[in-house]
Q: 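Starting off with a structure, shown below.
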Amino acid sequence: MDGRRTGVRVFVPRSRLTPPHQQLTQEDRRYLFRVHRLRAGDAFEVFDGEGGRHDAVVDAGLKSATIGEARTAVSPKVVLELWQGVPKGEKLDLVIQKATELGVTRLVPLASHTAVRRLAAERLPKQLQRLRRIAEQAARQCGRSDVPEVVVPRPFEDFLARAQEGVLAAVVYEGRGQEPLWRFLATRIPATIPPVSVALAIGPEGGFSPHEVDLARQADVPLVSMGSRILRTETAAIVVCALVQAASGGFD
Ligand code: SAM
């Protein structure tokens, strides 16, 4: 079958891969044959969410594909953890989508003191499943072969504990008089052997509470600024990821 090289990508978790023949799920088939109109013999790519890519060709029955051996992607220059104050409404969806496009490795919903919205425990599994789906779709769209982790919400104190584990950590704080984030990154990342692990915390709409700021200071975790304009929390997340990529060669 002479097929086309389509450039279409499908996420199959590494745990579900069965090379050389891969059964296509109903969702895979919808995406390949209804959305992208692929036909038998057409070539597409399977990525496994952990850095592996496989050339794939649609089999005659349109129920499976023949997939090649894994080609692993170059490992990232930075491992970026974004601890995102849980914002109102659907803004976390936007943050996950944009942070995925901007190379985030792990997204930690931050149950900070001023967060108005809490991811309710009983609805958490369903919400996490939806948020992880957004990360998968964003990874598929932007060409990543790894999918960022979206983990369960954690308190600010956990971020401070993480900061003690040898990662380059800082609280991105709207108060005045802090070192600019761009300079914090520019002076520390080049001196670190890649991949450098960076963990940055962003507050929700209400920002960080005075108590959280005190806790950060007591823990010697730097507070860094992004200038005098107060950015929306979702804007701050995008800028933070972009600054980290700019400082670590992620835009080269
Ligand atoms: N309630 C805060 C106030 O009125 O000052 C604003 C919080 S802001 C909407 C949400 C988060 O974005 C902040 O907690 C911080 O993490 C980040 N952020 C926004 N603008 C910033 C800036 N100029 N410098 C550093 N962080 C900023």
Side-chain angles (χ1 to χ4, degrees), residues 78-119 131 134-135 148-165 167-189 196-248 250:
V78 64
V79 175
L80 172 54
E81 283 182 16
L82 186 67
W83 291 61
Q84 172 65 47
V86 178
K88 289 180 216 157
E90 304 307 316
K91 290 183 203 170
L92 192 55
D93 298 16
L94 176 80
V95 168
I96 290 175
Q97 184 188 65
K98 299 311 170 198
T100 300
E101 293 171 50
L102 287 165
V104 77
T105 309
R106 183 171 306 110
L107 197 125
V108 186
L110 181 60
S112 72
H113 299 174
T114 66
V116 172
R117 182 181 172 216
R118 301 240 174 257
L119 297 180
L131 295 173
I134 290 169
E149 269 185 288
V150 180
V151 300
V152 293
R154 308 266 292 277
F156 186 66
E157 290 74 4
D158 283 8
F159 173 74
L160 299 180
R162 179 74 179 119
Q164 311 309 323
E165 295 170 2
V167 300
L168 185 59
V171 174
V172 184
Y173 175 51
E174 61 277 20
R176 306 305 295 269
Q178 273 60 249
E179 178 181 13
L181 173 57
W182 70 266
R183 188 179 300 138
F184 172 83
L185 296 169
T187 52
R188 290 162 180 81
I189 286 185
V196 58
S197 286
V198 180
L200 295 169
I202 293 177
E205 290 87 351
F208 286 106
S209 68
H211 179 56
E212 286 168 328
V213 175
D214 286 346
L215 288 176
R217 288 198 167 110
Q218 287 160 28
D220 264 342
V221 176
L223 300 170
V224 292
S225 170
M226 292 198 291
S228 58
R229 286 183 296 275
I230 297 296
L231 310 178
R232 290 177 187 275
T233 187
E234 63 272 28
T235 311
I238 294 170
V239 174
V240 159
C241 292
L243 286 174
V244 170
Q245 293 304 340
S248 56

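In listed order, ligands and their atoms are each counted from 1. Just so you know, these numbers come straight off a predicted model, no measurement behind them. The basis for the numbers below is simple: all heavy atoms, side chains too, and nothing from hydrogens, waters or symmetry mates.
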Q: With no hydrogens and no angle check, is any side-chain donor or acceptor of Q245 less than 3.5 Å from a backbone partner on L102?
A: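 Side chain of Q245 to backbone of L102: a pair is present.
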
Q: Which residue is it: K98, R232, E101? I am looking for the one with a side chain to side chain contact (heavy atoms under 4.5 Å, CB included) to I238.
A: K98

Q: I'd like to know if E81 pairs up with R162 as an ion pair, taking the criterion as any Lys NZ or Arg NE/NH1/NH2 lying under 4.0 Å from an Asp or Glu carboxylate oxygen.
A: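 Looking at E81 and R162, the cut-off is met.
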
Q: Would you call the rings of F159 and W83 parallel, tilted or perpendicular, where under 30° means parallel and over 60° means perpendicular?
A: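 Geometry flag for W83 against F159: perpendicular rings.
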
Q: Give me the one residue out of V240, T105, V108, L110 that meets side chain to side chain contact (heavy atoms under 4.5 Å, CB included) with L82.
A: V240

Q: Filter the ligand 1-protein atom pairs down to N or O on both sides and distance under 3.5 Å, then list them.
A:
unit_1   : atom_1 : unit_2 : atom_2 : d
ligand 1 : 1 (N)  : E205   : O      : 3.2
ligand 1 : 1 (N)  : G206   : O      : 3.2
ligand 1 : 14 (O) : E174   : OE1    : 2.8
ligand 1 : 14 (O) : G203   : N      : 3.3
ligand 1 : 16 (O) : V172   : O      : 2.5
ligand 1 : 16 (O) : G203   : N      : 2.9
ligand 1 : 20 (N) : L231   : N      : 2.9
ligand 1 : 23 (N) : G227   : O      : 2.8
ligand 1 : 23 (N) : R229   : O      : 2.7
ligand 1 : 24 (N) : M226   : N      : 2.9

Q: Looking only at atom types and distance, does a side-chain atom of E205 sit under 3.5 Å from a main-chain N or O of K88, one as donor and one as acceptor?
A: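 Side chain of E205 to backbone of K88, a donor-acceptor pair under 3.5 Å: yes, one is there.
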
